[in-house]
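See structure below.
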Amino acid sequence: MRKKLLALMLTMSMAVGLVGCGGGKQEKQDPGKVKMTNETETVDIGGITYTKSKDLTEDDIELTYFHFDQDETVTYLKDRFEEIYPNIHVNAVYENVKTYNDTLLSLVNSGDTPDVIMFSDADFALSNSLLADITELWKSDPETKDIATTINDCNIGCFATSKRFAVPVKFFPGVMYVDRNVLTKLNIDPPSRNWTWDQMIKLIKDCTVKDSSDGMPYYGCGYYNRLDSYYGIAAAQTVQGEFGFDGNKFDLTAWAIGEQEFANLKQGGYIAPVTETIEMEQWMGDFQGWCGASSHVALFTEAFWTYQNTWATENYKQYNLDIVPYVVPAVSEEDAKSTHHSIATIDFGGLTTSCQYPREAYELLKFMSFGKDGWKTRIQLYNDETQTNSSGLPLKQDVMPAPITTDEEVWDQYTEMYCKGMDDEHVGYWKEFFASCMQPIPYGWTSIAGYWNYCDEYFNKLDIHNKVDNGEEKAADKVDEATQKANYYHASAMLQYFGKEGYDILSDEEISKYEEMVKENS
Amino acid sequence: MSKKLSKEEKKNRKKVKPGRLAKREAMVGIAFISPWIIGALMFLVYPLAMSFWYSLNNIRITPLGQFFNYVGIGNFTQILMVDTEFPLELADYVISTIVSVPVIVVFALMIAIMLNQDIKGRGVFRLIFFLPVIIVSGPILGMLNAEGAGSVTAIDIQAITNAVEETLPKSIAEPISDLFENMITILWYSGVQILIFLSSLQKIDRSMYEAAKIDGGSGWECFWKITLPTIKPMILLNCVYTIVYISNNDQNAIIELIKNSMFSGTKEKGYGYASAIAWLYSFVVLLIVGLFALAFIAKKDVYAKQVKKAKKAHKKELREIKRVGRRSARHAKKREREQAKQH
């Protein structure tokens with residue numbers, strides 16, 4: 001009897017404990033309806049004056065930030081955010097890009113969905129309804145007006161709907177790097193800062209010298225990104241995405257011109273050999289060589305981060321390069337005269353649909369991405385070269401992004417940090433470039449519904465790049481079929497993600513429009 | 001002799017309750033196997049049943065819950081009749097598995113026999129051959145392959161590939177070329193198999209070899225008549241192990257396809273579609289295992305068969321001798337009778 005009583009008491013105490021622990025859960029708010037009141041106060045932490053929002057909860061809460069950003073940087077930002085909002089505990093979870101989607105979906109499946117996530121594959125995020133509607137938060141946030149113009153003008157992050165689901169987290173502008181020393185050696189004038197596409201092609205051709213005096217051929221272009229991706233955006237200011245996406249439908253005509261032009265350059269011998277090829281071994285005498293270290297290439301289509309994590313490092317001084325940035329040129333002279341759209345790598349983020357604290361989660365997302373305060377903290381971190389990653393590399397050199405905010409204070413600090421150690425002439429080059437890169441158009445898989453599925457299931461299987469490069473096929477021959485398929489995938493995705501079975505935010509007219517598109521293109 | 005009880009008698013018979021000791025013994029037994037039962041139910045039966053249920057549905061996993069749309073065999077027809085990816089990958093997989101399994105098993109057997117010899121540093125050699133099992137995980141293997149470490153540099157792969165492709169149809173030639181291109185990788189897969197063969201080789205009774213040697217048996221004959229028949233069950237075991245390993249390896253294109261389908265954003269794909277591929281794939285893997293089992297399961301022991309055959313022949317011979325004896329006796333009697341008549 002005594003034993004039974006004891007067991008009963010233990011059971012009761014456990015039940016009471018469980019009920020006690022389970023209680024006090026706040027009712028979930030609809031993120032789409034949450035607004036900012038913009039009541040703020042200032043707090044000084046670590047030499048930075050932060051604008052602290054007063055409309056955030058005062059309860060002790062925990063938010064999970066799931067990301068593939070630079071881990072040490074995020075940890076630093078998280079700590080600072082927790083100092084500004086001491087009642088909010090942030091659980092920052094890093095996951096490698098390769099396993100990112102798998103892990104995230106496993107978390108969602110097991111009911112442990114993070115509150116804030118980064119994503120790069122929009123189809124994955126939208127098909128699983130991961131992203132919450134943050135339209136009102138975005139609209140009521142004054143900082144979203146001070147952001148790269150295309151984000152709002154081209155509704156980037158809205159996925160061709162009237163709602164906003166994503167914000168830009170990491171921004172890497174598209175850039176053309178020119179080695180001025182090569183131009184000097186070849187006695188070629190530097191191109192105009194407002195150059196056009198044709199001028200760039202001419203430069204590539206002029207700088208290709210096979211029988212150079214030092215015995216090592218010069219090449220006009222060394223590539224990381226293919227020129228067709230750049231050309232598709234540079235072709236017209238109406239283009240809002242890759243493959244000629246204008247916000248409604250695709251048209252691959254411009255892509256085909258860029259693709260063919262790049263293939264022609266390759267066939268003509270104007271493009272430097274790539275690493276781990278016989279051609280590279282014959283040229284640089286090293287099978288694993290990289291054209292960026294050859295001192296014999298005039299123009300590079302490298303990623304934005306290559307400058308800081310490679311060319312600006314001590315190791316590369318031995319190669320005697322003088323790399324300066326140029327904006328990706330526009331095709332028409334008219335567009336080239338002023339700042340214009342250019343391709344950029346942008347990783348996005350958003351709140352998840354199960355997020356319990358959308359207002360607070362939005363503040364965290366902003367701090368980690370486009371927010372001024374977050375950027376001031378990042379710049380402070382990048383300035384401190386004792387802060388390193390796990391390999392001992394200063395964080396400035398570890399795939400450092402650029403601010404997507406247009407805030408002058410942030411940009412002044414960023415440029416000063418970025419150009420540390422440069423002479424005035426080079427600082428001028430960078431300032432000019434930063435001013436001209438603020439109309440970014442992201443790659444399709446991050447910003448267009450159905451794009452990744454299209455590439456994965458159709459476009460990549462064509463092996464079109466190799467076939468056109470080898471001269472087996474002409475890019476123009478594929479335009480009609482590829483455009484039709486792209487439109488089919490986009491319309492299907494729009495119906496699936498935003499139609500009745502998805503977010504259910506499409507109007508009847510929009511549904512009819514996409515159904516018609518599916519019919520026409522299937 | 002026990003009497004068979006009728007149904008009526010069985011009914012009327014009093015049920016004998018088990019005693020306390022028997023009950024306790026039964027409880028102990030159940031307690032001992034319960035971890036396995038719970039494990040099997042939770043981690044085998046339940047996931048299997050769920051994945052089959054998934055395969056009949058189109059599933060969306062969202063932070064607000066899982067949404068199931070029953071499609072019946074829709075996923076299976078989509079995979080087999082509409083999409084081309086799985087059938088093509090499957091054909092490649094089947095051919096490459098059938099080609100590479102014998103190579104791995106034969107290589108493992110050869111190495112095991114060598115490691116079983118009385119040589120200096122035997123332990124070190126054994127360790128070397130087992131090291132890939134410990135060190136080489138999926139990502140490392142991927143990196144090594146990317147560096148070109150998967151093929152034997154001394155072999156002119158291109159020449160072999162050209163020769164194979166000229167003589168065989170493309171669908172068969174490709175897996176054979178791949179075999180040569182990834183020879184090192186394939187041989188790395190043989191660590192566990194070597195260990196299994198080694199343990200079975202050490203179990204063979206040495207006196208059998210001594211007896212064979214006394215009778216003048218060569219090493220070659222000993223291998224075919226003693227070693228191979230004795231370790232035959234292990235060949236099957238190693239074949240099964242190799243098939244399972246190849247089929248579930250990270251480098252396997254179908255596993256990659258299943259993963260990609262799980263996380264694909266297209267309406268048709270997702271967990272349901274991936275589960276349907278997994279079921280179809282499991283069925284094919286089982287068929288391949290069955291194929292190898294048919295080839296290696298010995299219905300009867302070869303020597304028992306031969307002994308029986310010899311005994312039968314001996315009996316037949318005895319019968320023949322007896323028959324001849326009887327016939328001779330008959331003939332002799334007949335002759336005697338005829339001689340008696342003549343006299």
Side-chain angles (χ1 to χ4, degrees), chain A residues 28 31 96 98-115 117 119 121-132 276 287-288 350-356 445 449-458 461 488-489 492-497 499 501-503 518, chain B residues 42 46-47 50-51 53-54 57-71 78-79 82-89 137-140 142-143 145-149 153 158 250-251 253 255-275 277:
Chain A
K28 188 184 167 295
N96 192 290
K98 269 188 180 175
T99 50
Y100 190 81
N101 287 357
D102 309 19
T103 312
L104 180 55
L105 203 58
S106 301
L107 287 172
V108 172
N109 198 18
S110 60
D112 298 318
T113 312
D115 299 285
I117 56 166
F119 70 90
D121 172 4
D123 281 322
F124 167 75
L126 295 172
S127 66
N128 293 301
S129 302
L130 295 180
L131 300 170
E276 294 184 355
F287 186 70
Q288 292 185 319
L351 310 191
T352 55
T353 39
S354 62
C355 176
Q356 297 282 331
W445 62 85
Y451 183 94
W452 179 249
N453 294 336
Y454 164 71
C455 289
D456 189 35
E457 294 181 4
Y458 169 76
K461 286 181 185 163
Y488 169 79
Y489 271 92
S492 307
M494 290 303 287
L495 288 170
Q496 185 199 334
Y497 307 157
E501 286 176 19
Y503 286 97
V518 169
Chain B
M42 278 173 66
Y46 178 71
M50 282 309 286
S51 86
W53 172 239
Y54 282 3
N57 285 275
N58 199 336
I59 303 163
R60 271 180 67 224
I61 294 170
T62 78
L64 302 175
Q66 296 179 344
F67 298 96
F68 286 73
N69 177 24
Y70 183 75
V71 291
Q78 176 81 16
I79 292 161
V82 183
D83 298 344
T84 51
E85 235 172 342
F86 179 69
L88 289 174
E89 293 288 3
S137 63
I140 294 172
M143 279 189 264
N145 279 341
E147 292 289 322
T153 40
Q158 198 55 45
D250 266 3
Q251 308 292 309
I255 297 293
E256 193 63 28
L257 183 67
I258 293 172
K259 275 188 188 171
N260 289 342
S261 304
M262 272 169 80
F263 303 110
S264 167
T266 41
K267 198 177 179 180
E268 298 79 20
K269 293 185 178 174
Y271 271 39
Y273 184 92
S275 300
I277 295 184

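Chain naming here is simple, since letters A, B, ... match the order of the sequence lines and numbering starts at 1 in each.
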- Which is it for Y70(B) and N58(B) under the side chain to side chain donor-acceptor pair (under 3.5 Å) test, yes or no, and what are the steps along the way? CA-CA 6 Å; Y70(B) 183 75; N58(B) 199 336; over 6 Å; no
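Neither the backbone nor the side chain of F67(B) comes within contact range of chain A; no heavy atoms are under 4.5 Å apart. Neither the backbone nor the side chain of K98(A) comes within contact range of chain B; no heavy atom of the residue lies under 4.5 Å from a heavy atom of that chain. Interface remark: E457(A) contributes side-chain atoms only to the contact with chain B (heavy atom separation under 4.5 Å).
The shortest heavy-atom contact between L64(B) and S354(A) is CD2-CA, 4.2 Å. P63(B) approaches V108(A) most closely through the heavy-atom pair N-CG1, 3.6 Å.
By number of non-hydrogen pairs under 4.5 angstrom with chain B, the leading residue of T113(A), L130(A), L105(A), D102(A) is D102(A).
With ring centers used as reference points, F68(B) lies under 6.0 Å from Y54(B).
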